[in-house]
Amino acid sequence: MADDLYQRYMEAAAVYRHHASGCDSCSQSDRCFHGERLHKAFAKRQDDYSTRLSAKRR
Ligand SMILES: [Zn+2]
């Protein structure tokens, strides 16, 4: 369970990257509706993960 957050973070990153690599509308600066949703989910998990990392350091 220790790496649950990390695993979901990696999973969301992979899902987003997979979408972006096959999507003509998604680039570094622009995202389609679906890509935007995937990227938000990825960003949130990245956030959760780094929050946990810094909380652990105390
Ligand atoms: Zn897209």
Side-chain angles (χ1 to χ4, degrees):
M1 94 142 241
D3 283 298
D4 194 45
L5 267 182
Y6 180 73
Q7 218 125 75
R8 283 192 286 165
Y9 158 41
M10 284 291 109
E11 205 177 277
V15 169
Y16 171 67
R17 256 189 270 117
H18 180 75
H19 169 86
S21 70
C23 180
D24 287 340
S25 310
C26 283
S27 69
Q28 289 287 1
S29 53
D30 221 19
R31 282 186 279 273
C32 72
F33 177 74
H34 193 55
E36 182 63 35
R37 277 184 41 201
L38 291 175
H39 187 266
K40 265 197 184 126
F42 157 66
K44 190 189 178 312
R45 284 169 185 193
Q46 185 181 45
D47 219 48
D48 288 349
Y49 179 67
S50 58
T51 300
R52 196 195 61 173
L53 273 192
S54 53
K56 223 175 169 185
R57 217 166 277 151
R58 293 160 148 240

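Indexing begins at 1, ligand by ligand and atom by atom, following the structure's order.
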My understanding is that only residues two or more places apart in sequence, or in another chain, count here; which of them pass side chain to side chain contact (heavy atoms under 4.5 Å, CB included) with Arg17? Ala13
Kindly compute the distance separating CZ (Arg45) from OG1 (Thr51), expressed to the nearest 0.5 Å. 14.0 Å
Closest heavy-atom pair, Cys26 versus Cys32, reported as atoms and distance to 0.1 Å, is SG-N, 3.5 Å
Which residue in the set His39, Glu36, Lys40 passes side chain to side chain contact (heavy atoms under 4.5 Å, CB included) when paired with Tyr16? His39
What count do you get for protein N, O or S atoms closer to the Zn ion (ligand 1) than 2.8 Å? 4
List for me each residue that meets ring-ring contact (aromatic ring centres under 6.0 Å, His included) alongside His34, sequence neighbours excluded, and say none if there are none. His19
With ILVMFWY side chains joined below 4.5 Å, transitively, what does Phe33's cluster contain besides itself? none
